[in-house]
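Each chain gets a letter, A, B and so on, in the order the sequences are listed, and its residues count up from 1. The figures here come from the full heavy-atom set of this structure, side chains too, leaving out hydrogens, waters and symmetry mates.
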Amino acid sequence: MQTPATPEFSDLIAQRQHKFAEYLKRGGERYPNTVAPTATTAELAERYANSDKETLIGTPTPSYTLAGRIMALRLFGKLLFAQLQDGVGRLQISLSVDVSSPEVFALFNDCIDLGDWVAVSGRMGRTNKGELTLQVESFTLLAKCHHPLPDKWHGLEDVEARYRQRYLDMFINPEVSQVFITRSKMISAIRRFLDSNGFLEVETPILQLQAGGATARPFHTHHNALDLPLNLRIAPELFLKRLLVGGLPRVYELSRNFRNEGISTKHNPEFTMLEWYMAYADREQVMALMEAMLRQVVTELQGHAQLPYAEHLIDFAKPFTRLTMRESLLALAGFSEADLATIDTLAAAAKLKKVELPKPLPSYGELFQLCFETLVEPQLIQPTFILDYPIETSPLVRQHPNRPGWVQRAELYIAGREHGEFYSELNDPTDQRARFEAQRTKAQAGDKEAMPFDEDFLHALELGMPPAGGIGLGIDRLAMLLTNQPSIRDVILFPLLRPKS
RNA sequence: GGGCCGUUAGCUCAGCGGUAGAGCAGUUGACUCUUAAUCAAUUGGUCGAAGGUUCAAUCCCUUCACGGCCCA
């Protein structure tokens with residue numbers, strides 16, 4: 001048997017390249033695209049699940065061609081076993097000098113490394129221990145893996161390496177691929193739900209003159225031909241509402257948004273958000289529709305509505321709890337009515353509860369929200385809608401009819417995290433203009449997150465926008481829930497990292 | 001931005017002032033039924049980078065880079 005590698009030939013990459021050269025030297029084709037698989041590992045495993053060894057010997061199966069990566073190799077002189085992984089599963093394959101030929105066996109043994117893409121052809125059998133095995137008669141090297149693979153037992157555990165080389169992470173740690181398959185199915189289920197409820201999926205600009213629709217710092221870019229500074233969108237809201245003005249009654253967008261902010265286990269600079277707008281609906285109706293959608297998506301994906309997440313079991317079957325923010329502070333944070341009376345009593349009570357108060361002290365509404373975020377939010381494990389938000393933090397929402405200073409907004413909390421927002425949308429152009437003015441005042445005072453004044457949006461509102469309810473739902477966070485992942489980076493294929501020097 | 005932790009062989013990790021270690025992967029040999037195969041031998045290191053302290057630094061100190069967790 002020829003041995004292409006020699007003991008002094010120690011560089012792992014060079015060894016693999018040497019084996020590839022040897023494969024070509026013995027007549028193999030370089031990166032062929034002439035062999036197509038006729039089956040997958042999953043199909044064969046299912047088809048022959050009940051066939052015993054004798055049956056497979058007595059009535060030989062057709063010859064199948066599988067394609068995939070070699071992920072394990074075990075050699076016994078003139079027989080070898082390998083694991084072939086093809087994206088839908090893994091199947092054992094075997095080569096022996098009897099089934100193929102001494103030449104084919106030697107070619108495989110001398111030239112194939114862990115990680116190589118191969119196409120293998122042969123018939124199904126079972127080993128003495130009963131494992132279903134494709135007995136290879138011939139094979140083709142489809143693509144060489146030029147790098148040594150991570151530890152076969154521990155896999156790739158270095159978090160940084162996993163994010164930087166997701167392609168490697170995915171085939172070394174198959175559960176990672178499963179996360180992204182689940183994410184994809186989740187998005188399909190959401191589309192199906194909305195499409196069947198009369199919504200139209202639309203695409204609105206990512207390049208925007210003014211980044212509106214949320215309070216966040218945008219990324220800046222530039223269009224050369226127009227010599228025009230532009231921003232990447234932070235939210236699609238203002239364009240989707242323009243479509244209501246245009247006459248589309250139900251629209252949604254799965255929107256990649258960009259926010260020039262910090263990175264954490266909950267934030268990635270680019271992230272995906274679902275927004276939908278529904279004419280003639282109010283906050284209550286969009287909340288009810290979201291509840292129905294989440295119940296259906298969770299059930300569709302895992303067969304029932306109870307979702308394990310970290311140490312919790314989250315129940316989507318029960319009606320979601322509804323509390324006003326005020327009620328939640330009284331019930332869950334231990335505030336009294338007197339504490340909530342004025343900004344001073346609230347600040348004093350908050351200080352006692354170890355809420356870190358910013359200086360200078362913010363408005364009553366902002367302080368109220370800060371207390372909520374610090375004291376209540378972590379307790380909201382089961383799906384809970386929190387109703388009514390201070391007007392200062394919600395410049396696009398309809399005012400509450402009988403609570404001055406508050407707006408008809410709700411947020412959905414699950415597992416202690418905010419997952420979505422629900423609005424009775426503001427369609428009064430006069431009120432909207434005043435809200436933009438207030439934001440402009442904030443911006444002039446140095447608030448870099450204040451929403452820009454959008455005159456064209458006001459023009460659209462002045463033409464008349466039907467009353468509407470709208471929602472925003474964090475798709476990445478929902479994916480974290482559905483795949484039981486602790487960090488947003490675990491549900492984003494290629495999270496942003498600093499370049500490695 | 002702040003605090004804590006990490007960075008040692010391709011991978012997973014020990015070592016923590018005195019010549020750099022293991023398992024897996026790789027290489028060589030044995031082996032026709034393995035399942036993290038086994039047995040024997042063996043290659044492989046700028047110990048993240050740069051300074052400093054020391055007779056001597058992977059180890060102690062400083063700065064920097066990248067990452068993780070927590071906080072903002």
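Under the 3.5 Å distance criterion, the side-chain polar atoms of Arg74(A) are left unmatched by any main-chain donor or acceptor of Phe81(A). Without hydrogens or angle criteria, His154(A) side chain to Lys152(A) main chain gives no donor-acceptor distance under 3.5 Å. Side-chain atoms of Arg435(A) come within 3.5 Å of backbone atoms of Val397(A) as a donor-acceptor pair (strictly under, hydrogens ignored). Although no hydrogens or angles enter the test, the distance criterion places a donor-acceptor pair under 3.5 Å between the side chain of Ser177(A) and the main chain of Met170(A). In this structure a side-chain-to-backbone donor-acceptor pair under 3.5 Å is present from Asp447(A) to Glu449(A).
Nucleic acid contact class of Leu497(A) (heavy atoms, under 4.0 Å, all strands): sugar-phosphate only. Using a 4.0 Å heavy-atom criterion, one finds that Thr265(A) contacts the sugar-phosphate atoms exclusively. The residue Gln92(A) sits close to a base: some heavy atom pair falls under 4.0 Å. Counting any heavy atom pair closer than 4.0 Å across all strands shown, Arg164(A) reaches sugar-phosphate atoms only and no base atom. Among the heavy atoms of the strands lying under 4.0 Å from Arg74(A) is at least one base atom, whether or not backbone atoms are also near.
The aromatic rings of Phe372(A) and Tyr389(A) lie perpendicular to each other, with more than 60° between the two planes, well past the 30° mark.
Here the closest heavy-atom approach between residue Glu160(A) and residue Leu497(A) is recorded as O-CD1, 4.3 Å. Listed here is the closest heavy atom pair of Tyr23(A) and Leu141(A): OH-N, 2.9 Å.
Between the C1' atom of G10(B) and the CD atom of Gln17(A) lies a distance of 14 Å, rounded to the nearest Å. Nucleotide C64(B) holds its P atom 13 Å from the CZ atom of Arg498(A), rounded to whole Å. In this structure, NE2 of His18(A) is placed 20 Å from P of U43(B), rounded to the nearest angstrom. A72(B) atom P lies 13 Å from atom CG of Leu357(A), rounded to whole Å. Between Trp153(A) atom CH2 and U35(B) atom P the separation is 12 Å, expressed in whole Å. Atom-to-atom, CG of Asp169(A) to C1' of G10(B) comes out at 16 Å; the value is rounded to the nearest Å. Separating the CG atom of Leu79(A) from the C1' atom of U35(B) is a distance of 13 Å, rounded to the nearest angstrom. For Ile488(A) and C70(B), the CD1 to P distance is 14 Å, given to the nearest whole Å.
With respect to Asp169(A) and Arg164(A), no salt bridge is recorded, no charged nitrogen being found less than 4.0 Å from a carboxylate O. A salt bridge links Arg409(A) with Glu421(A); the closest basic N to acidic carboxylate O contact falls under 4.0 Å.
Taking atom C1' in both A72(B) and G21(B), the straight-line distance is 42 Å, to the nearest Å. If you take atom P in C4(B) and the same atom in C11(B), they sit 29 Å apart, rounded to whole Å. As rounded to the nearest Å, U12(B) and U7(B) have C1' atoms that lie 14 Å from one another. G3(B) and A14(B): their C1' atoms are spaced 28 Å apart (whole Å). Comparing the C1' positions of G45(B) and A9(B) gives a spacing of 6 Å, expressed to the nearest Å. Here, G17(B) and A40(B) have their P atoms 34 Å apart, quoted to the whole Å. A distance of about 39 Å separates the C1' atoms of G51(B) and U42(B), rounded to the whole Å. G2(B) and G15(B) have their P atoms separated by 30 Å, with the value rounded to a whole Å.
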Please tabulate, one pair per line, each protein N/O and nucleotide N/O from nucleotides 11-13 of chain B that are separated by under 3.5 Å, including the distance.
unit_1 : atom_1 : unit_2    : atom_2 : d
C11(B) : O2'    : Asp151(A) : N      : 2.9
C11(B) : O2'    : Gly155(A) : O      : 3.0
C11(B) : O2     : Asp151(A) : OD2    : 3.2
U12(B) : OP1    : Glu157(A) : N      : 3.1
U12(B) : OP1    : Asp158(A) : N      : 2.8
U12(B) : O3'    : Glu157(A) : OE1    : 3.0
C13(B) : OP1    : Glu157(A) : OE1    : 3.2

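Both Leu114(A) and Leu73(A) lie close to RNA chain B; mapped to their nearest nucleotides by heavy-atom distance, the more 5′-ward contact belongs to Leu114(A). The 5' end of RNA chain B is approached more closely, in terms of each residue's nearest nucleotide, by Leu496(A) than by the other of Leu496(A) and Ile263(A).
Among the nucleotides U32(B), C69(B), U27(B), the one closest to any side-chain atom of Lys19(A) is U27(B). Nearest to the side chain of Lys78(A), among U32(B), A25(B), G67(B), sits U32(B).
Crowding of Glu356(A) atom CD: a count of heavy atoms from other residues, nucleotides or ligands under 6.0 Å not exceeding 12.
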- Dot-bracket for RNA chain B: what is it, with Watson-Crick or G-U pairs under 3.5 Å, [ ] where a pair crosses earlier ones, and | for a pair to another strand? (((((((..((((....[..)))).(((((.......))))).....(((((..]....)))))))))))).
